[in-house]
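In the text below, chain A, chain B and the rest are named by the order of the sequence lines, each starting its count at 1.
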Amino acid sequence: MNDWFPLWLSLRVSVIATIVAGVLGVAIAYVLAKWRSRWASLVEAVVTLPIVLPPTVLGYYLLTLLGTRSSLGQSWESLFGSPLVFTQSGAVVAATVSALPFVIRAARAAISNVDARVEESARVMGLAEWRVARVVTLPLAARGIGAGIALGFARALGDFGATVMVAGNIPGQTQTLPVAVYDAVQAGDDATARTGSLVLGAIAVVVLVFVTQLFARRR
Amino acid sequence: MNDWFPLWLSLRVSVIATIVAGVLGVAIAYVLAKWRSRWASLVEAVVTLPIVLPPTVLGYYLLTLLGTRSSLGQSWESLFGSPLVFTQSGAVVAATVSALPFVIRAARAAISNVDARVEESARVMGLAEWRVARVVTLPLAARGIGAGIALGFARALGDFGATVMVAGNIPGQTQTLPVAVYDAVQAGDDATARTGSLVLGAIAVVVLVFVTQLFARRR
Amino acid sequence: ASDARGDVVVAAAADTRDAFNEIAAQLSERDGITVEFVFGSSGLLREQVLNGAPFDVYVSANVAFVDEVVQAGAGVAESQRQFAVGRLALISAEGVALPANLDSLSQFGRVVIANPAHAPYGVAAKEALQSLGDYGQLASRLILADNVADAVRIVDAGEADVGIVALSLVIGRAHVEVPATLHQPIRQSIVITTRGAGNDAARRFVEALESQEGRAVLSRYGFTVDSP
Amino acid sequence: MTSLLVDVRVAVPGFAVDAKFAADVGVTVLAGPSGSGKSLTLAAVSGTLRPMRGVIQLDDVVYCDAARDVHLRSQNRLLGMAYQHAALLDHRSPLDNVALAVRSGDTATRRTVAMETLQRVGAESLAEARTRSLSGGERQRVALARAIAGNPRVLLLDEPFSSLDLAARAELRALVKSLVAERQLIALVVTHDQADVDALADRVVRYEPGRTVSAGE
Amino acid sequence: MTSLLVDVRVAVPGFAVDAKFAADVGVTVLAGPSGSGKSLTLAAVSGTLRPMRGVIQLDDVVYCDAARDVHLRSQNRLLGMAYQHAALLDHRSPLDNVALAVRSGDTATRRTVAMETLQRVGAESLAEARTRSLSGGERQRVALARAIAGNPRVLLLDEPFSSLDLAARAELRALVKSLVAERQLIALVVTHDQADVDALADRVVRYEPGRTVSAGE
Ligand SMILES: Nc1ncnc2c1ncn2[C@@H]1O[C@H](COP(=O)(O)OP(=O)(O)OP(=O)(O)O)[C@@H](O)[C@H]1O
Ligand SMILES: Nc1ncnc2c1ncn2[C@@H]1O[C@H](COP(=O)(O)OP(=O)(O)OP(=O)(O)O)[C@@H](O)[C@H]1O
Ligand SMILES: [Mg+2]
Ligand SMILES: [Mg+2]
């Protein structure tokens, strides 16, 4: 590979998408875990759906939802002056949507598993609900949340189908590394495909080890 | 959709793949969680890699690894009399490989989070290691394992890229529902694509609610 | 019939979908031969053929891919043929006026073509644009679709104003043909795979393409064929 | 004078207890056999468990009124509580455990108050220990510090000295006694130790299975 | 006569204790201030913690020999243990907790033995209760049942009666005493309660910070 643009783009897109999906996903997971209702697992199943749809189909729906002809896409365009689809913002959206279900489900399981008695004792100590979440619930669920974020990151970094649909494949603009690797496989260019895969793998290993360490509970 | 074959095939393939990935993944996760070494998170990062590759590219490497020209593929053929690739077994392999990392990572986090003191007390009670795992560790990690299996199932059910490469898109033989949906989209057959997506979504919701309930800890 | 296999499995590039479906229908009616198609990207289908896919016939819009299959021993050399030449056409999104020709593209917004990195129609589209000197200036507005069928879909979704696509896929709608002189010919190649070597139906399918009726169908779908 | 009124029926699947007593400033000991509902009563006062019926009230502040479905959040009840099994936040240091319970001041002030409180219970050397490896008695000291650090109105102590040796028990008993007097606290103390009753109790509530429990002498 | 020899240095970050005593059939009480290393000693005997140096031996069965890096697995030490904080498997019923500790027989036999054991500690009515909602005293009864259910050679009891009322304490003390005699057990009992010492102790090991602990009278 003599062109490093896809690598930087992929890194930027996947990191931003992981942060967005992490914050949003943990918030949704928290609400789902605390929501004592039979509906919670139904809602959880529905938010898991993006995984089940073939990425291109997911991308197709996203495109319909966010494209230049949709009302959402038009509001975005009037707000920011440029369309959402076929831009790097579009790539971030696609990667975020792909990563979100993983964060939600892993975090929800971990949060539900936190001992309610410890949370109770923190309330009795006088900690406000948000501090109970910050001081007790989320730290005790850290490992599971970390697993979700790691999976979400891997998914965002590797996303191909949804990105290609929503962000297009514009070399030097929206062509991420997985898209470049895919192109190389199609073209029968094994060397480029191999280099690209190795680079993807290497980044992933570094980031994943880091994320795992970050969320491993100490003490 | 007037042809239900892709639906049944998808159900069969994803259920078998989920079971295989579930058993294998939980076993690997257990070993990783108990392996007190800095290498554990490196190994974990490496087994997460299949997520980072675009599914088609993953499928391409699987095809190279298991195809009729590979030694693995040839051993399989001489053992079972038919090739592994472009068969339903191939579809199961593709779905299993796609699902495995999700099971491993979520389960590993949950298993690591189990209170070591409870496991100790079970050992002192005289329970052999495998019974400690069965009676203490795995039940206490059930929710996280469930999340991993749910994600793995969703991934297996929705897999398009890897399946299409390894098993092909042979109608009536290896054409799974996501592949059929993709095909319909390509052919501009929006009605079939929409029905297919809805059916996929419906199955996923039912199975995911069931899985979540199954692994929710009682008592 | 779900589980009954067709008599012959044909793996073919996406641009042939409409024309081949019609030819297969004729073949089924006339000779009772059922053809099963697997449409996909030429590049991925080639990898599958090389790794033992149960395809009897491989059709690609890229001659080099077919050569590669033959060289690897996965295709029957004698059966290799170029049966038609594909053409490019311009289409536009709903509500967007059709461009009169390729020269006027600068007045439009995004333009979609198949990915020249691996799709033959993409290569041709790029050549056409280059021969008019437009490519460099257009590059930042180009969307590279996975294959020609995708390109058509992106135009239909309204995400590109104009598409340069396979004529064979847009024959039934408003389009403007791109002069064949602007690019290298897009030669449609066919080969019977080693697996399909003994399959009589495979041979019959190839013959059907070259038959008078077959060529009539192909040319109706915008392929250039040697005059019958 | 300040008084905590408890008049509730606390019910869980398979068990219910009726408790009716008023606790004034000073120490009210809850005594009675194992499984008679003492800890459940404290849970109701702390707001962790909603009583089936009845009222809990601190002067004119209604903690809970089941009939009107009023339940003040635990956070707003101004309690300090030491649990039967200490229930510390194992993932935070002993100092953090206590500092988190301090209800006012900035972070630095809270830590100072927490350190002072740890000193009062004789646990200053444990401030930065690994919480989950504390010994039974050490945990109880830290739990007591955490209970008093928030400067509560009501102190709920569930067998607070059970893992301590006799000397430590006497020392902490004296601490509780002086704190109650000094800060005019209402303390509910569950204990099986007659020495606690002798040294601390201003009044005793006896729990007996099947009977409404109420204040005796 | 059977005898448990303990001669080890048990060390954790920031603390170490040297213990050297032999415990014969009967009850050896470990007494001493909070944080003096009593629970750590039991952890070393049970195999949860590896001593820094020294030997633990039951007659000629070496439980551990630090110098030779020999450490018998906990599972093979034939112990029954009741933890300071009960440490039940909260996700299984009390009956399951006890049945899992029974070391021989098929499932049905185990459950029968478990039920009988629960009866002996007066907890048969708790067999199918929700374990995590047991009261403090109830947990201790179940924990004691679990400790004796496996028909162990060595019984390790860490403040086993601390949450129990006086009547229950007396009752369970008598049970331990008779079991020890009947089954010729070696029991190590940590307690702060003088009544336990008076009623049970055949010998007392005194823990004092900084000194090697050893058996006195
Ligand atoms: N959530 C619950 N669900 C079902 N039963 C419960 C629950 N909580 C407590 N119990 C039962 O209620 C009874 C009273 O429990 P409680 O903890 O109040 O006893 P206690 O008086 O504190 O006893 P101890 O002195 O042993 O701690 C016990 O039998 C206990 O098993
Ligand atoms: N894993 C550990 N890491 C660091 N310190 C520890 C660890 N385990 C125990 N300690 C410390 O070792 C000392 C002895 O602990 P131990 O639990 O044996 O005390 P104990 O004699 O049982 O006291 P108590 O009667 O209060 O239960 C305590 O100061 C405790 O904080
Ligand atoms: Mg209690
Ligand atoms: Mg102890």
As an exercise: rank [options] by heavy-atom pairs under 4.5 Å with chain B and give me the winner.
options	value
A/Leu157, A/Leu200, A/Ile203	A/Leu200
A/Ser197, A/Ala204, A/Ala150	A/Ser197
A/Val179, A/Asp190, A/Asp159, A/Val207	A/Asp190

Q: Using a heavy-atom cutoff of under 4.5 Å, enumerate the residues of residues 12-43 of chain A that contact chain B, numbered in order, or state 'none'.
A: A/Ser41, A/Leu42
(Q) With a strict 4.5 Å heavy-atom criterion, list every residue of residues 91-110 of chain A that contacts chain B, or say none. (A) A/Pro101, A/Phe102, A/Arg105, A/Ala106, A/Ala109
**Q.** Any A/Val181 side-chain heavy atom under 4.5 Å of B/Leu53 side chain
**A.** no
(Q) With heavy-atom distances below 4.5 Å as the criterion, would you say the side chains of A/Glu44 and B/Leu208 are in contact? (A) no
Can you say whether [X] sits under 4.5 Å from chain B via the side chain, the backbone, both, or neither, judging by heavy atoms?
X	value
A/Leu49	side chain
A/Tyr61	side chain
A/Ala193	both

Select, from [options], the one with the greatest count of heavy-atom pairs under 4.5 Å involving chain A.
options	answer
B/Val211, B/Ile145, B/Val206, B/Val205	B/Val205
B/Pro178, B/Ala147, B/Ala154	B/Ala154
B/Gly148, B/Gly144, B/Gly161, B/Ser112	B/Ser112
B/Thr56, B/Leu58, B/Val46	B/Thr56

Q: Could you pull out the closest heavy-atom pair between B/Arg143 and A/Asn113, with the gap in Å?
A: NE-OD1, 3.3 Å
Q | Spatial distance of atom CD1 (B/Ile51) from atom CZ (A/Phe153) [nearest 0.5 Å] | A | 11.0 Å
Q: Tell me, yes or no, whether the heavy-atom count around B/Arg134 atom CZ, taken from other residues, nucleotides or ligands under 6.0 Å, exceeds 12.
A: no
